Amino acid sequence: MSSLVPPRLAILISGHGTNLQAFIDACACAELDAQIGIVISNNPDTAGLQRAENAGLATRVIDHRNFATREEFDEAMVDELYAFSIDLVVLAGFMRILTPVLVEPFAGRLLNIHPSLLPKHPGLHTHQRALDAGDCEAGATVHFVTQELDGGPPILQCRVPIVSDDTAETLAAKVSLQEHIIYPLAVRWYLQGRLQLTDNEAVLDGRTIPTTGIQYAAG
Ligand code: GRF
């Protein structure tokens, strides 16, 4: 994707916004040749909005509590994404289930990061569930978003070992650091035209990515 106008990202958040911060930093240091066109939060009181404002980014609060249905909420989101000419939608801790109203028009242009080694532990409380299951590793997965919750084709996975005194909080902290590396990397591949969603499979450089995603190795 090379053009004189940098591609425009929308970052959708609900919480702390540490992944948003990773994208702000990656765009600022030209690690990503992109522009964050809009940051949208469904939560008016999130720390992530402050991060966006500190970076001088356009923000919108679209509070899901003001909409009767998920579809109407998604319609409002789609209107904003079109209004800001968004090329790629990046879900970064966005805690709403999306409907086809948003997923279909942005199919193949919609990414998420989930804090588990998908297909293990879709849904909530992933780190506690990894501990309860006796897993020896935790991690996060960047994936394309499809209509299946946390079930779209994986792109990139990071892993951290689970040690005996880990808690859900210590695991979240360790995984979070890795998320801030792999999520911008996957977006970079997309913006370079190397990554696509084709026939419900993630494809990098013309090759289908395995169903657990590419394994990120630090260093
Ligand atoms: C991350 O753990 C991410 O995997 C999940 O939500 C969390 C967002 O954290 N989808 P932050 O708001 O980016 O700090």
Side-chain angles (χ1 to χ4, degrees), residues 9-28 31-32 34 36 38-55 57 59-64 77 88-98 102-103 106 110-131 135 137-146 148-160 162 166-187 202 212-216 218:
L9 311 180
I11 316 274
L12 275 49
I13 61 170
S14 300
H16 299 298
T18 64
N19 280 284
L20 163 65
Q21 189 65 53
F23 283 103
I24 292 170
D25 296 344
C27 291
E31 180 191 333
L32 273 185
I36 301 175
I38 181 77
V39 174
I40 303 178
S41 175
N42 66 305
N43 173 0
D45 302 314
T46 167
L49 280 174
Q50 193 57 55
R51 293 178 190 273
E53 281 158 22
N54 292 347
L57 299 174
T59 61
R60 289 284 180 278
V61 173
I62 304 181
D63 190 334
H64 60 281
M77 304 272 296
L88 178 69
V89 181
V90 175
L91 306 182
F94 187 65
M95 300 300 287
R96 302 302 303 164
I97 294 173
L98 301 180
L102 198 157
V103 174
F106 286 92
L110 188 48
L111 300 180
N112 183 41
I113 189 161
H114 180 77
S116 80
L117 296 170
L118 289 172
K120 272 190 171 181
H121 312 311
L124 299 175
H125 310 302
T126 53
H127 299 308
Q128 189 57 53
R129 285 162 61 206
L131 290 169
D135 293 352
E137 290 179 312
T141 307
V142 180
H143 63 96
F144 280 109
V145 174
T146 62
E148 194 186 339
L149 184 64
D150 300 328
I155 298 164
L156 189 52
Q157 252 181 9
C158 61
R159 293 171 180 263
V160 303
I162 296 180
D166 265 326
T167 63
E169 290 71 31
T170 62
L171 273 184
K174 288 190 282 189
V175 170
S176 175
L177 292 176
Q178 299 293 312
E179 289 187 1
H180 304 161
I181 299 169
I182 65 168
Y183 209 1
L185 177 57
V187 167
T212 48
I214 292 168
Q215 302 304 302
Y216 177 75

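As the structure lists them, so they are numbered: ligands from 1, and atoms in each ligand from 1. These figures come from a predicted structure and were not determined experimentally.
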* Asked: Do Thr46 and Ser14 have side-chain heavy atoms sitting under 4.5 Å apart?
  -> no

* Protein heavy atom at shortest distance from atom 10 (N) of ligand 1 -> Ile113 O, 2.8 Å

* **His16 NE2: over 12 foreign heavy atoms closer than 6.0 Å** => no

* Asked: Would you say Thr212 and Pro119 make side-chain contact, with heavy atoms under 4.5 Å?
  -> yes

* How close does the nearest protein non-hydrogen atom get to atom 12 (O) of ligand 1, and which residue and atom is it? -> Gly17 N, 2.8 Å

* Which residue and heavy atom of the protein sit nearest atom 14 (O) of ligand 1, plus the separation -> Thr18 OG1, 2.5 Å

* Structure fact -> The protein heavy atom nearest to atom 9 (O) of ligand 1 is Asn19 ND2, 3.9 Å

* To do: Note the single closest protein heavy atom to atom 1 (C) of ligand 1, along with its residue, its atom name and the distance in Å.
  => Glu179 OE1, 3.2 Å

* To do: Side-chain contact test, heavy atoms from C-beta onward, threshold under 4.5 Å: evaluate it for Leu102 versus Leu110 and give yes or no.
  => yes

* Check for a donor-acceptor pair, side chain of Thr59 on one end and backbone N or O of Leu49 on the other, with a separation under 3.5 Å. => no

* For atom 7 (C) of ligand 1, grab the closest protein heavy atom and report residue, atom and distance to one decimal in Å. => Gly93 CA, 4.1 Å

